[in-house]
Amino acid sequence: MTEPIRINRSSTRKPKPKDADLGFGQIFTDHMFVADFQEEKGWYDPRIEPYGPLSLDPATAVLHYAQAVFDGLKAFRGVDGKIRLFRPQKHVERMNNSARRLCIPPLDADLALQSLVKVVDIDRDWVPSTVGTSLYIRPTIIASEPFLGVRPAKSYIYFVILSPVGAYYPEGMAPVKILVVDKYVRAVDGGVGGAKTSGNYAASLFASDEAKHEGFTQVLWLDGVHRKYLDEVGTMNIMVKIGDEIITPPLTGTILPGVTRDSTLALMRKWGLKVSERQVSIDEVVEAHGRGTLAEVWGTGTAAVISPVGELAYQGKRMVINRGQIGPLTQRLYDAIVAIQYGKAPDPDGWTLTI
Ligand SMILES: *Cc1c(COP(=O)(O)O)cnc(C)c1O
């Protein structure tokens, strides 16, 4: 699609919150990006509009059968005042992969990238500047055809909304307690675990609610077949350091191919560390803990970047990791990625796109 992006500016401006008052995903900017799809036309009418409600027929397919995908990335205001998107091309590629898995027509990659750049540019004053804050970008595609029936819809809406978000760790990075669940599963081989599709999150709520009631921050999912191998934690990928080997589950379709996971692996390989993408069983983790070789555990994801795990609970047994403190590699990874995001360190691999 080569259609130019139409711009309909908002006639009013919302008041901007103070950086210190920012939470996550509660406040939205003045504009949004929208494009439509119809079978006969393909994707058409890409535009920027004032932020506002979508009007949907109650029969709209997405409301019933959850044919929807999304992605999530961030724009940062650097120490040099420039605004950088972190690996937007990789997020576009993943959104299109998620779309194909849900029978949603993918977007032209250039248009999708432009949609992110243009809408952030128009609302660039909304990118907060305090260290740790950012502008969260949420591209989403939903089936918009009003019909009841289980088949791919014939029309879709793509939109991008923006939300200024506060520092994930306002008081500094803090280790979390995670419950390893074997009663529920998130994904199975051949399923949709590898797609960022809405239904996965609805399906995860029950287990994470239970974990929260028991005092844990999140759940660690085991594989859906043996309930034995680590999959991922909440909405983050998981990494464990046993001895001098850093292990993370391979991308076999049951876990989300995280962009932070990919960035983290690239950095550790560059640093010459021993990195393995292989299955790791909870028994191996328990055993390593018993031997004293379970050095560090952390999650990776756009929201937190790196989330240190201070404790894992499995079948009533609690394993404290690194005395509940942030491990040196966990800290090093966090610092390295954040430095690139805020323009404090060189970006040799071109991960950021300055706008
Ligand atoms: C989004 C997400 C991740 C992390 O991906 P990033 O690209 O690093 O943000 C991991 N797991 C799940 C289930 C997710 O939804």
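Interatomic distance, CD1 of Ile141 versus CZ of Phe37, reported as 10.0 Å (0.5 Å rounding). If you take CE on Met32 and CG on Leu54, they are separated by 5.5 Å, rounding to the nearest 0.5 Å. From Leu256, atom CG reaches atom OG of Ser98 across 6.5 Å, with rounding to the nearest 0.5 Å. Between the CD1 atom in Ile83 and the OG1 atom in Thr352 there is a gap of 12.5 Å [rounded to 0.5 Å]. Expressed to the nearest 0.5 Å, how far CD1 of Ile337 lies from OG1 of Thr300 amounts to 8.0 Å. Summarising the geometry, atom CD1 belonging to Ile247 is positioned 12.0 Å from atom CD belonging to Gln279; distances are rounded to the nearest 0.5 Å.
Judged by distance alone, the side chains of Arg100 and Asn97 do bring a donor and an acceptor atom under 3.5 Å apart. In the model, Gln331 has a side-chain atom that pairs as donor or acceptor with a side-chain atom of Asp335 under 3.5 Å.
In this structure, Pro257 and Gly194 approach most closely via the heavy-atom pair CD-O, 3.4 Å. The two atoms that bring Ala288 and Ile242 nearest to each other are CB-CG2, 3.7 Å, heavy atoms only. The two residues Thr248 and Leu265 come nearest to each other via the heavy atoms CG2-CD2, 3.9 Å. In this structure, Ala143 and Ala61 approach most closely via the heavy-atom pair CB-CB, 3.9 Å. Shortest non-hydrogen contact noted between Ala304 and Met236 is CB-SD, 4.4 Å. Scanning both residues, Ile326 and Pro308, for their nearest heavy atoms gives CG1-CG, 4.0 Å.
Trp43 contributes a side-chain N or O that, together with a main-chain N or O of Pro105, makes up a donor-acceptor pair within less than 3.5 Å. Between the His31 side chain and the Arg9 main chain, no donor and acceptor come within less than 3.5 Å of each other. Under a 3.5 Å cut-off, the side chain of Asn322 and the backbone N or O of Gly324 do not form any donor-acceptor pair. Here the side chain of His289 pairs no donor or acceptor atom with the backbone of Glu284 at under 3.5 angstrom. Between the side chain of Asp19 and the backbone N or O of Thr130, at least one donor-acceptor pair lies under 3.5 Å. Using a distance-only test at 3.5 Å, with no hydrogens or angles considered, no donor-acceptor pair links the side chain of Asn237 to the main chain of Gly301. Side-chain atoms of Lys74 do not come within 3.5 Å of backbone N or O of Ile137 as any donor-acceptor pair. Not a single donor-acceptor pair under 3.5 Å links the side chain of Thr60 to the backbone N or O of Leu56. Of the possible polar contacts, none joining the Arg186 side chain to the Leu220 backbone as a donor-acceptor pair under 3.5 Å is found. Panel note: side chain Arg227, backbone Leu222; no donor-acceptor pair is recorded below 3.5 Å.
Contacts of Pro164 classified as side chain to side chain contact (heavy atoms under 4.5 Å, CB included), with partners at least two apart in sequence or in another chain: Leu22, Ile27, Thr29, Trp126, Pro128, Leu135. In terms of the side chain to side chain contact (heavy atoms under 4.5 Å, CB included) criterion, Gln26 has no residue partners (sequence neighbours excluded). Applying the side chain to side chain contact (heavy atoms under 4.5 Å, CB included) criterion to Asp283, with sequence neighbours excluded, gives Lys228, Ser281. Tyr51 meets the ring pair (Phe, Tyr, Trp, His ring centres under 6.0 Å) test with Phe28; sequence neighbours excluded. With sequence neighbours excluded, the residues forming a ring pair (Phe, Tyr, Trp, His ring centres under 6.0 Å) with His226 are Tyr229, listed by chain and number. With sequence neighbours left out, the side chain to side chain donor-acceptor pair (under 3.5 Å) criterion links Ser10 to no other residue. Shown here are the side chain to side chain donor-acceptor pair (under 3.5 Å) partners of Glu277, two or more places apart in sequence or in another chain: Arg261, Arg269. Applying the side chain to side chain contact (heavy atoms under 4.5 Å, CB included) rule to Ser198 yields the partners Ala68, Phe70; only residues at least two apart in sequence or on another chain are considered.
Less than 6.0 angstrom separates the ring centroid of Tyr136 from the ring centroid of Phe24.
Applying the side-chain hydrogen bond (donor to acceptor under 3.5 Å, both in side chains) test to pairs two or more places apart or on separate chains, those with a residue in residues 203-215 are Tyr184-Glu210. Sorted by first and then second residue, the salt bridge (charged side-chain N to carboxylate O under 4.0 Å, His left out) pairs involving residues 337-355 (not counting sequence neighbours) are Lys270-Asp349. The salt bridge (charged side-chain N to carboxylate O under 4.0 Å, His left out) pairs that include a residue from residues 285-304 are Glu287-Arg291, where partners are two or more places apart or lie in different chains. Evaluation of the side-chain hydrogen bond (donor to acceptor under 3.5 Å, both in side chains) test over residues 146-156, restricted to residues two or more places apart or in two chains, returns Gln67-Tyr156, Ser144-Ser155, Glu145-Arg151.
In this structure, Asp45 pairs ionically with Arg6, as a charged nitrogen and a carboxylate oxygen lie closer than 4.0 Å. We find that Arg84 and Asp80 are joined by a salt bridge, their nearest charged nitrogen and carboxylate oxygen being less than 4.0 Å apart. Taking 4.0 Å as the cut-off between side-chain N and carboxylate O, Arg87 and Glu93 do not count as a salt-bridged pair. Using a 4.0 Å cut-off between a side-chain N of Lys or Arg and a carboxylate O of Asp or Glu, Glu245 and Arg278 qualify as a salt bridge.
Residues Thr140 and Tyr158 fail the side-chain proximity criterion, which asks for heavy atoms closer than 4.5 Å. A heavy-atom distance below 4.5 Å is not found between the side chains of Thr12 and Asp30. The shortest distance between side-chain heavy atoms of Thr197 and Arg101 does not fall below 4.5 Å. No side-chain heavy atom of Val180 sits less than 4.5 Å from a side-chain heavy atom of Val219. Residues Val297 and Lys241 form no side-chain contact, since every pair of their non-hydrogen atoms from C-beta on lies 4.5 Å or further apart. No side-chain heavy atom of Ile178 sits less than 4.5 Å from a side-chain heavy atom of Glu311. Contact of the Val92 side chain with the Lys90 side chain is not registered, since no non-hydrogen atoms from C-beta on lie closer than 4.5 Å.
With Tyr44 as the aromatic partner, Lys41 meets the cation-pi criteria of under 6.0 angstrom to the ring centre and within 45 degrees of the ring axis.
Using a 4.5 Å cut-off between side-chain heavy atoms of Ile, Leu, Val, Met, Phe, Trp and Tyr, with links allowed through other members, Ile246 and Leu230 fall into different hydrophobic clusters. In the hydrophobic clustering of ILVMFWY residues, with side-chain heavy atoms under 4.5 Å counting as a link, Val117 and Ile5 come out together. Under the 4.5 Å side-chain heavy-atom criterion for ILVMFWY residues, a single connected hydrophobic cluster contains both Val233 and Ile321. When hydrophobic clusters are built by joining Ile, Leu, Val, Met, Phe, Trp and Tyr residues whose side-chain heavy atoms come closer than 4.5 Å, directly or via intermediates, Val176 is not grouped with Tyr169. In the hydrophobic clustering of ILVMFWY residues, with side-chain heavy atoms under 4.5 Å counting as a link, Leu162 and Phe159 come out apart.
Taking a 6.0 Å sphere around NZ of Lys14, one finds it holds more than 12 heavy atoms contributed by other residues, nucleotides or ligands.
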- Query: Would Asp121 and Lys118 satisfy salt bridge (Lys or Arg N to Asp or Glu O under 4.0 Å), going step by step from the backbone distance to the final call?
  - Reply: CA-CA 5 Å; Asp121 187 33; Lys118 283 268 157 59; over 6 Å; no
